[in-house]
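Atom set for the values below is all heavy atoms of this structure, side chains included, hydrogens, waters and symmetry mates excluded. Every value quoted in this text rests on a predicted model; they were computed, and no experiment measured them. Positions are given from 1, in the same order as the sequence printed here.
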Amino acid sequence: MREQVLDLGHRVDEAIGKATHGLVDRDVEICARVIAEDHHINELQREIRELSFTAVLTQAPVARDLREILGFQHMAAELERMGDHCVSIAKIGRSLADLPEIKPPSVDLPAIAQLTSEQLRNMLSALVARDTDAARTVAAKDDRIDRMYHRVFDDLVQCMVEDGSNVYAATNLIMVAHHLERIADRVTNLAEDLVFLETGSIEELG
């Protein structure tokens, strides 16, 4: 089941990059691809859920085995929700593609997306290594993404105040930043899942 979760994580990482690329380059075809490929993410999450149920029903797992099943199932659910956030970004990118571009110099959505992807990849590496200390380190870095999100929010609100014609686009870009911030929050949830899976302890890392 670990391999399926890792596969799911890599697919989400790709979706983050594609959705951001589609948004920034105003490429509606890439945006459409992200939306269509979410089907594969959903199917993989469903497969992991079914494997979990089958293992519980047929193997009567105890202790660590049960923790692994529950942990992987929850990780898969978190990753599937990250995929949903990527779909939302792609839909926003598609809706903004034909509108005039607004881009305050301080608003760098690709930077937030890149850092979010790095967080996810580092978390997947921690999962491979069963490294709870690495997972805690990943979670501790979430504050940086939160700060970037709040700066984007403030600057885009100011952009709307200065020019009312920017309201629609700026509001949607705020939502993009919010989706990326939520993906990062879910990466922290993965870190908590790994700590639980390996130690049996429930830790609040956010």
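Interatomic distance, NE2 of His85 versus CD of Glu181, reported as 9.0 Å (0.5 Å rounding). Distance check: Leu79 CG to Gln4 CD gives 12.5 Å after rounding to the nearest 0.5 Å. In this structure, the separation between CG on Leu190 and CG on Asp185 is 11.5 Å, given to the nearest 0.5 Å. Distance check: Leu6 CG to Asp13 CG gives 12.0 Å after rounding to the nearest 0.5 Å. The structure places CG of Asp155 at 12.0 Å from CG of Leu173, a figure rounded to the nearest 0.5 Å. For the atom pair CG (Asp38) and CD (Glu43), the distance works out to 10.5 Å, reported to the nearest 0.5 Å.
Between the side chain of Arg94 and the backbone N or O of Gly22 there is no donor-acceptor pair closer than 3.5 Å. Remark: side-chain polar atoms of Gln119 are paired, donor with acceptor, to backbone N or O of Val138 under 3.5 angstrom. No side-chain donor-acceptor contact under 3.5 Å links Gln45 to the backbone of Ala76. Side-chain N or O atoms of Asp7 include none that pairs as donor or acceptor with a backbone N or O of Glu3 at under 3.5 Å.
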List the steps and the verdict of side-chain contact (heavy atoms from CB on, under 4.5 Å) for Ile183 and Leu120.
-> CA-CA 9 Å; Ile183 291 172; Leu120 176 56; 5.7 Å; no
Verdict with supporting geometry, Lys18 and Glu37, salt bridge (Lys or Arg N to Asp or Glu O under 4.0 Å) = CA-CA 11 Å; Lys18 288 179 181 177; Glu37 290 175 354; 3.0 Å; yes
Output, in order, the C-alpha distance, side-chain angles, deciding distance and verdict of side-chain contact (heavy atoms from CB on, under 4.5 Å) for Leu180 and Ile89.
-> CA-CA 9 Å; Leu180 291 169; Ile89 293 170; 3.8 Å; yes
After noting the C-alpha distance and the side-chain angles of Ile41 and Met82, does the key distance pass the side-chain contact (heavy atoms from CB on, under 4.5 Å) rule?
-> CA-CA 10 Å; Ile41 291 176; Met82 292 183 207; over 6 Å; no
Residue pair Val176, Asn172: steps toward the side-chain contact (heavy atoms from CB on, under 4.5 Å) verdict | CA-CA 6 Å; Val176 170; Asn172 277 279; 5.8 Å; no
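Hydrophobic clustering (ILVMFWY, side-chain heavy atoms < 4.5 Å, transitive): Leu115 and Ile174 are in one cluster. In this structure, Val195 is not a member of the same hydrophobic cluster as Phe72, with clusters built from ILVMFWY side-chain heavy atoms closer than 4.5 Å. Taking hydrophobic clusters as Ile, Leu, Val, Met, Phe, Trp and Tyr residues chained together by side-chain heavy-atom distances below 4.5 Å, Leu109 does not share a cluster with Val28. In the hydrophobic clustering of this structure, Val24 does not group with Met175; members are Ile, Leu, Val, Met, Phe, Trp, Tyr whose side-chain heavy atoms approach within less than 4.5 Å, directly or through other members. Phe196 and Leu205 sit in two unconnected hydrophobic clusters of ILVMFWY residues. Membership requires side-chain heavy atoms under 4.5 Å apart, directly or through other members.
Within 6.0 Å of the CZ atom in Arg67, the count of heavy atoms belonging to other residues, nucleotides or ligands exceeds 12. Heavy atoms from other residues, nucleotides or ligands lying under 6.0 Å from CG of Leu57 number more than 12. Summarising the local packing, NZ of Lys91 is surrounded by 12 or fewer heavy atoms from other residues, nucleotides or ligands at distances under 6.0 Å. The number of heavy atoms from other shown groups lying within 6.0 Å of CZ (Arg144) does not exceed 12. Other residues, nucleotides and ligands place more than 12 heavy atoms under 6.0 Å from the CG atom of Asp163.
Contact between Val152 and Ala177 at its shortest, heavy atoms only, is CG1-CB, 3.9 Å. Among all heavy-atom pairs drawn from Ile92 and Ser95, the shortest one is O-OG, 2.8 Å. Minimum interatomic distance between Leu23 and Gly93 (heavy atoms only, all atoms of both residues): CD1-CA, 3.5 Å. Considering every non-hydrogen atom in both Met123 and Ala135, the closest pair reads CE-CB, 3.9 Å. Taking both residues in full, the closest heavy atoms of Cys86 and Ala19 are given as O-CB, 3.6 Å, listed atom of the first, atom of the second, then distance. Annotation for Asp131 and Asp133: closest pair OD1-N, 3.1 Å, computed over non-hydrogen atoms.
The pair Arg33-Glu14 does not count as a salt bridge, with every side-chain nitrogen at least 4.0 angstrom from each carboxylate oxygen. Using a cut-off of 4.0 Å between Lys/Arg side-chain N and Asp/Glu carboxylate O, Arg151 and Asp154 are scored as not salt-bridged. With respect to Arg147 and Asp143, no salt bridge is recorded, no charged nitrogen being found less than 4.0 Å from a carboxylate O. For Asp84 and Arg81, the salt-bridge test fails: no basic side-chain N is under 4.0 Å from an acidic carboxylate O. The pair Glu203-Arg136 counts as a salt bridge, with a side-chain nitrogen and a carboxylate oxygen less than 4.0 angstrom apart.
Of the candidates Met75, Met1, Arg2, Ile48 forms a side-chain contact (heavy atoms from CB on, under 4.5 Å) with just one, namely Met1.
Sequence neighbours left out, not one pair with a member in residues 164-175 passes salt bridge (charged side-chain N to carboxylate O under 4.0 Å, His left out).
No side-chain heavy atom of Glu192 sits under 4.5 Å from any side-chain heavy atom of Ile202. The closest side-chain heavy-atom distance from Ile30 to Asp25 is not below 4.5 Å.
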